[in-house]
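Note sheet for the following structure.
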2 protein chains.
Amino acid sequence: MFAKHTGHPDQISDITPHPCETWPDNGRGFRETLDRIGDKWSVLVIGILSQGPLRFGILHQRVPGVSQRMLTLTLRHLERDGIVSRTVYAEVPPRVEYQLTPLGESLRETVRALAQWVTDHNDEIEDSRRNYDTR
Amino acid sequence: MFAKHTGHPDQISDITPHPCETWPDNGRGFRETLDRIGDKWSVLVIGILSQGPLRFGILHQRVPGVSQRMLTLTLRHLERDGIVSRTVYAEVPPRVEYQLTPLGESLRETVRALAQWVTDHNDEIEDSRRNYDTR
DNA sequence: CAGCATCCAGCCCGATACTG
DNA sequence: CAGTATCGGGCTGGATGCTG
């Protein structure tokens, strides 16, 4: 599917010391999983759920700009991947709560680190953009 | 670009104890920056560049599945954001090298942690998917 | 309340062709 | 080698309306 490199000799410009340190393997699954984590809403949802379980409505309010449809889809995907669990309470009106699974918990720190980085460097990046745009 | 939400009233329903612990602020920039990091190729490119500077062609070979067009676009975006720098050498044939800026370097650990997580839990996730799909 | 179904506009991104 | 230009299909994702 990929790695169909044209077969020329690796004329690596010897800049990097460790040639083995390339990407994990280019496996199909790797890409797929990365896409899931990297999609438009997952990180936000995981970040918010890392504070505790929440029901659908609250989640909807807390993720700025997400539509009902996309929140539902995102949650289904995360559920499918075993990152989030869904609990339906037999009440009326219906209540559904979402929370991180242990697998999801293990993503917590990473996601928060990412969010932290974005928060910390946001200004810097916006400056860079303005600079780049006006030249 | 987005966030043209119809302006619904904030009727937050007081369920959570700490109202401050929400997302950084829902700022426009935050979403935008997160989108950049989270887009299809950025993480891969940053991960590879974190091993050292590379020229365009090599990068193209090392990022599995990326088209020339998307690699160019991704690099332009990262350059605009100040994460990657681009150096053109006045030679023939032309040589252009890309490397992480200090800002990009500061993303290194986070990105590698993310990649590591995906690698570590990929199997688990694929199992979960299979399980989810057959019920 | 939580959500699915439907419609459909817009962009993402790959394929292809061309240039300095 | 390292791009730019252009085209077009597919998928993303918002809006709306309807259910249990």
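Naming convention: chains lettered A, B, ... in sequence-line order (proteins, then strands); numbering from 1 in each chain.
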Quiz prompt | Any side-chain heavy-atom pair of I58(B) and Q61(B) under 4.5 Å | solution =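 Heavy-atom side-chain distance check passes, below 4.5 Å.
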Minimum-distance nucleotide (side-chain atoms of [X] versus [options]):
X	options	answer
R55(B)	dC1(C), dG3(C), dA2(D)	dA2(D)
P94(B)	dA2(C), dC1(D), dG3(D)	dC1(D)
Y98(B)	dG3(D), dA2(C), dC1(C)	dG3(D)

Quiz item: For R112(A) and E109(A), what are the C-alpha separation, side-chain angles and deciding distance, and is it a salt bridge (Lys or Arg N to Asp or Glu O under 4.0 Å)?
Solution: CA-CA 5 Å; R112(A) 288 194 90 68; E109(A) 282 317 306; over 6 Å; no
Tell me: [atom1] of [X] to [atom2] of [N], nearest whole Å?
X	N	atom1	atom2	result
H60(A)	dG3(C)	NE2	P	11 Å
E91(B)	dC1(D)	CD	P	13 Å
D35(A)	dG10(D)	CG	P	19 Å
L71(B)	dT4(D)	CG	P	11 Å
H77(A)	dG3(C)	NE2	C1'	15 Å
L75(B)	dG3(D)	CG	P	8 Å
L73(A)	dT6(C)	CG	C1'	13 Å
D39(B)	dG13(D)	CG	P	12 Å

Quiz item: What is the nucleic acid contact for Y89(A), judged by heavy atoms within less than 4.0 Å: base, sugar-phosphate only, or nothing?
Solution: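 It contacts nothing in the nucleic acid.
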Quiz item: Counting only N and O atoms by type, is there a donor-acceptor contact under 3.5 Å from the side chain of T74(B) to the main-chain atoms of W41(B)?
Solution: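 Not at all, since once roles are kept as given, no pair shorter than 3.5 Å links the two residues.
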Collect all protein-nucleotide pairs involving nucleotides 14-19 of chain C in which both atoms are nitrogen or oxygen and the distance is under 3.5 Å.
residue, atom, partner, partner atom, Å
dG14(C), OP2, S67(B), OG, 3.0
dG14(C), N7, R69(B), NE, 3.4
dG14(C), O6, R69(B), NE, 3.2

Self-check item: Non-neighbouring partners of E124(B) that pass salt bridge (charged side-chain N to carboxylate O under 4.0 Å, His left out), sequence neighbours left out
Solution: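 If we apply the salt bridge (charged side-chain N to carboxylate O under 4.0 Å, His left out) test to E124(B), skipping adjacent residues, there are no hits.
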Self-check item: Phosphate contact (dA2(C) OP1 or OP2) by R86(A) side-chain N/O below 4.0 Å
Solution: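 False: R86(A) side-chain N/O out of range (4.0 Å or more) of dA2(C) OP1/OP2.
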So, taking the atom named [atom1] in [X] and the one named [atom2] in [Y], what distance separates them when rounded to the nearest 0.5 Å?
X	Y	atom1	atom2	result
D39(A)	D39(B)	CG	CG	12.0 Å
T72(B)	H77(B)	OG1	NE2	11.0 Å
R130(B)	R80(A)	CZ	CZ	10.0 Å

Practice problem: Would you sort out whether N122(A) and T33(B) count as a side chain to side chain donor-acceptor pair (under 3.5 Å), showing the intermediate values? | Solution: CA-CA 7 Å; N122(A) 206 9; T33(B) 300; 2.9 Å; yes
Quiz item: Taking five pairs at each end of the helix from dC1(C)-dG20(D) to dG20(C)-dC1(D), what angle separates the two helix axes (nearest 10°)?
Solution: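 Overall, the helix from dC1(C)-dG20(D) to dG20(C)-dC1(D) bends by 50° from one end axis to the other.
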Quiz prompt | D133(B)/R129(B) salt bridge by N-O under 4.0 Å criterion | solution =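 A salt bridge is absent here (no side-chain N lies under 4.0 Å from a carboxylate O).
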